[in-house]
There are 2 protein chains.
Amino acid sequence: MRKGMLEYCIMLLLRRQPCYANDIIQRLHEAQMIVMEGTLYPLLSRLKRDGLLGYEWRESTQGPPRKYYVLTDDGQQALDQLDASWEEILRTVNILKIKE
Amino acid sequence: MRKGMLEYCIMLLLRRQPCYANDIIQRLHEAQMIVMEGTLYPLLSRLKRDGLLGYEWRESTQGPPRKYYVLTDDGQQALDQLDASWEEILRTVNILKIKE
DNA sequence: TGTTAGTACCTTGCGATACAAGGTATTGTA
DNA sequence: TACAATACCTTGTATCGCAAGGTACTAACA
């Protein structure tokens, strides 16, 4: 069921701070959402390609450099849209749960 | 984003009362969720095949008979599970929205 | 210096879901 | 009997997420 929620969750994360892939996996995991590498990388690439995310390389103290993703202005707007969609889904489910 | 929510929404509907396809489309529409015929019929067939739904034919006063779907006991249990998943998603999104 | 372990990034192939479009069948009415 | 309305269903396509596999850089150690 969490299908389609991933994009929203990742962008919510990036609204707070730039993250690289393993960051995202770990933070989502802490929030009870499991995401696989093979899911995440293509998704990040797509959001980058669509102009919703940018990234910058940062050195790591232990290992190869990391790609830190950040929300672009377009990404911020898209996220606002997703917030609205989320509210609508909340409304829909509440109607269906409460009705009668 | 509403991808994957459909199954849950339909089963919430059927928890209240038996419905046939156009019923479901209309009631979901009233709850702000658009669903296409070509999506609904295969989904209902799958849930039937998996034993989560049953159906009975009922005559209509205007037109051909209708297939009214109902939740089975297994369907009821599956729905309880989906309720739990939904609560978890709510928790996840709230964590990600509120954090910091 | 060469090897190994750890970290990080990415791709490919598969299954599942949803949509668009098109098709079949039954009923009532002109 | 022909047509419109209703209802059910199928096929082809795109997208998403997962499993598995692959490449590359860094550090530690023999």
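Protein chains get the first letters and strands the later ones, always in sequence-line order, with residue 1 at the start of each.
- For a distance-only test at 3.5 Å, the side chain of A:Glu37 fails to qualify as a donor-acceptor partner of the base of D:dC18.
- Following rounding to the nearest Å, B:Leu6 (CG) and C:dA16 (P) show an atom-to-atom distance of 17 Å.
- Residue B:Pro42 is in base contact, counting any heavy-atom pair closer than 4.0 Å across all strands shown.
- Side chain of A:Val35, nearest nucleotide from C:dC9, D:dC18, D:dC25: D:dC18.
- What separates CE of A:Met5 from P of C:dT17 is a distance of 17 Å, to the nearest Å.
- Placement of A:Leu14 and A:Tyr41 in two distinct hydrophobic clusters is found when ILVMFWY residues are connected by side-chain heavy-atom separations under 4.5 Å, directly or transitively.
- Rounded to whole angstrom, the span from the CG atom of B:Asp50 across to the P atom of C:dG15 amounts to 17 Å.
- A ring-centre distance under 6.0 Å is found for A:Tyr69 and A:Tyr55.
- A side-chain contact (heavy atoms from CB on, under 4.5 Å) with A:Leu12 is found for exactly one of A:Leu82, A:Asp83, A:Leu28, namely A:Asp83.
- Counting to the nearest Å, the P atom of D:dC16 and the CZ atom of A:Arg2 are 14 Å from each other.
- By the 4.0 Å N-to-carboxylate-O rule, A:Glu7 lies close enough to A:Arg46 to be salt-bridged with it.
- Between the CE atom of A:Met36 and the P atom of C:dT11 there is a distance of 19 Å, given to the nearest Å.
- In this structure, B:Met11 and B:Leu71 have side chains that are in contact, with non-hydrogen atoms separated by less than 4.5 Å.
- The 5' end of DNA chain D is approached more closely, in terms of each residue's nearest nucleotide, by B:Ser45 than by the other of A:Glu59 and B:Ser45.
- The residue B:Arg58 sits apart from the nucleic acid: no heavy atom pair falls under 4.0 Å.
- Nearest nucleotide to the A:Lys3 side chain, out of C:dT27, C:dT17, D:dC25: C:dT17.
- Between B:Arg2 and B:Cys9 there is no side-chain heavy-atom pair separated by less than 4.5 Å.
- Rounded to whole Å, the distance from CD on B:Glu7 to P on D:dC16 is 19 Å.
- Side-chain nitrogen and oxygen atoms of A:Arg66 include none within less than 4.0 Å of the OP1 or OP2 phosphate oxygen of D:dC25.
- Contact between the side-chain N/O atoms of A:Lys67 and the OP1/OP2 oxygens of C:dC10 is found at a separation under 4.0 Å.
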Could you summarise the pairing of DNA chain C as dot-bracket text, marking Watson-Crick and G-U pairs under 3.5 Å with ( ) or [ ] inside the strand and | across strands?
-> ||||||||||||||||||||||||||||||
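- When each of A:Pro64 and A:Gly38 is assigned the nucleotide of DNA chain C with its nearest heavy atom, A:Pro64 is the one assigned upstream, toward the 5' end.
- Put simply, A:Tyr20 has a side-chain N or O that comes within less than 4.0 Å of OP1 or OP2 on C:dA8.
- Rounded to whole angstrom, the span from the OH atom of A:Tyr55 across to the P atom of C:dC9 amounts to 11 Å.
- The residue among B:Thr39 and A:Arg46 whose nearest nucleotide of DNA chain D lies closer to the 5′ end is B:Thr39.
- One atom, CG of B:Leu40, and another, C1' of D:dT6, lie 15 Å apart when rounded to the nearest Å.
- Hydrophobic cluster membership is shared by A:Trp86 and A:Leu79, with clusters built from Ile, Leu, Val, Met, Phe, Trp and Tyr side chains linked at under 4.5 angstrom.
- Between A:Gln32 and B:Glu88, the shortest heavy-atom contact is O-OE2, 3.6 Å.
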